[in-house]
Chemist: 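I have a structure here, written as structure tokens, and I will follow up with some questions on it.
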Amino acid sequence: MVLMQIFGVDIGGSGIKGAPVDLDRGELVQERFKVLTPHPATPESVVDGVKEVVGHFGWTGPVGITFPGVVTGGSTIRTAANVDKGWIDTDARALFGERLGGLPVTVLNDADAAGVAEMRFGAGRDRRGTVIVLTLGTGIGSALFTDGVLVPNTELGHLELNGHDAEKRASTKAKDDHELSWEQWANRVQKYLAHVEMLFSPELFVIGGGVSRKSHRFLPLIKGIRAEIVPAQLQNNAGIVGAAMRAADAR
Ligand code: BGC
């Protein structure tokens, strides 16, 4: 049997990470390689970072790439909350493709990528109904599924929470910036989840992002949410796996 492998890259607030992915198992085939996300994260500097990651493996096949903003049509960037605004309205597929020497490239929102990976291989596997995957990190990303089908670019991190952009209150960056205790932060996450639950009445919340590794520190503190709340299972690899899945679908 020939292993189905595609390269996935996840562009995050702190790192640009990538690896070839085994799409039958949803696992990285080799240890991932990471470069620091440049600041400012301009198109040129991020594209260079992606080139370095893909080049590290000498990869010459299709590449799926996540982006932390709205991405339409597998290509066009529409928002850039936590990266340089120079990205807005760029044709990211063309930018990456050119710099990668013409490799076929697909681009999608980072939380959507993490979500599709969790739904296929992780905490959302075989779950019907409404499922919302939230990634808590530099921002808050969201992926909304109904009977396993993604509604892309939902951007629920930018809902208003107590008069603020929700991700400014309840992301892990907000926890660090404001030196919040786990209790204080869990309280904010709880308010946020209650708001999202009021709007969508999901059966399940999957909580992703690097902090999902420490879910035992905060999930038990969250009360009063009717939906089941579980940590993501693919943790920091979900974006890479989901990006590769999308690139495979696009072939
Ligand atoms: C962006 C989203 C992204 C999330 C997580 C938000 O600020 O608007 O598109 O998914 O951060 O990176």
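Remember, it's 1-based here, ligands and their atoms both numbered in the order they're listed.
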Chemist: List in chain and number order the residues that pass side chain to side chain contact (heavy atoms under 4.5 Å, CB included) with Lys85, two or more places apart in sequence or in another chain; answer none if no residue qualifies.
Modeler: Ile88
Chemist: Quick one about Ser215 and Ser212 (side-chain donor to acceptor, distance below 3.5 Å, no hydrogens or angles considered), yes or no?
Modeler: no
Chemist: Given the ring of Trp182, does Lys214 sit roughly above its face, with NZ or CZ under 6.0 Å from the centre of the six-membered ring and within 45° of the axis?
Modeler: no
Chemist: Checking side-chain polar atoms at under 3.5 Å, does Thr106 have a donor or acceptor matched by the opposite partner on Arg246?
Modeler: no
Chemist: Between Thr154, Thr135, Asn109, which is the residue that forms a side-chain hydrogen bond (donor to acceptor under 3.5 Å, both in side chains) with Ser142?
Modeler: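 Answer to the side-chain hydrogen bond (donor to acceptor under 3.5 Å, both in side chains) test with Ser142 among Thr154, Thr135, Asn109: Thr154.
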Chemist: Nearest 0.5 angstrom please: Ile240 CD1 to Asp110 CG, how far?
Modeler: 12.0 Å
Chemist: Could you pull out the N/O contacts under 3.5 angstrom between ligand 1 and the surrounding protein atoms?
Modeler:
unit_1	atom_1	unit_2	atom_2	d
ligand 1	7 (O)	Asn82	ND2	3.1
ligand 1	7 (O)	His158	NE2	3.2
ligand 1	7 (O)	Glu167	OE1	2.8
ligand 1	7 (O)	Glu167	OE2	3.1
ligand 1	8 (O)	Glu155	OE1	2.5
ligand 1	8 (O)	His158	NE2	2.7
ligand 1	9 (O)	Gly69	N	3.3
ligand 1	9 (O)	Asn109	ND2	2.9
ligand 1	9 (O)	Glu155	OE1	3.4
ligand 1	9 (O)	Glu155	OE2	2.5
ligand 1	10 (O)	Asn109	ND2	3.2
ligand 1	10 (O)	Asp110	OD1	2.5
ligand 1	12 (O)	Asp110	OD2	2.6

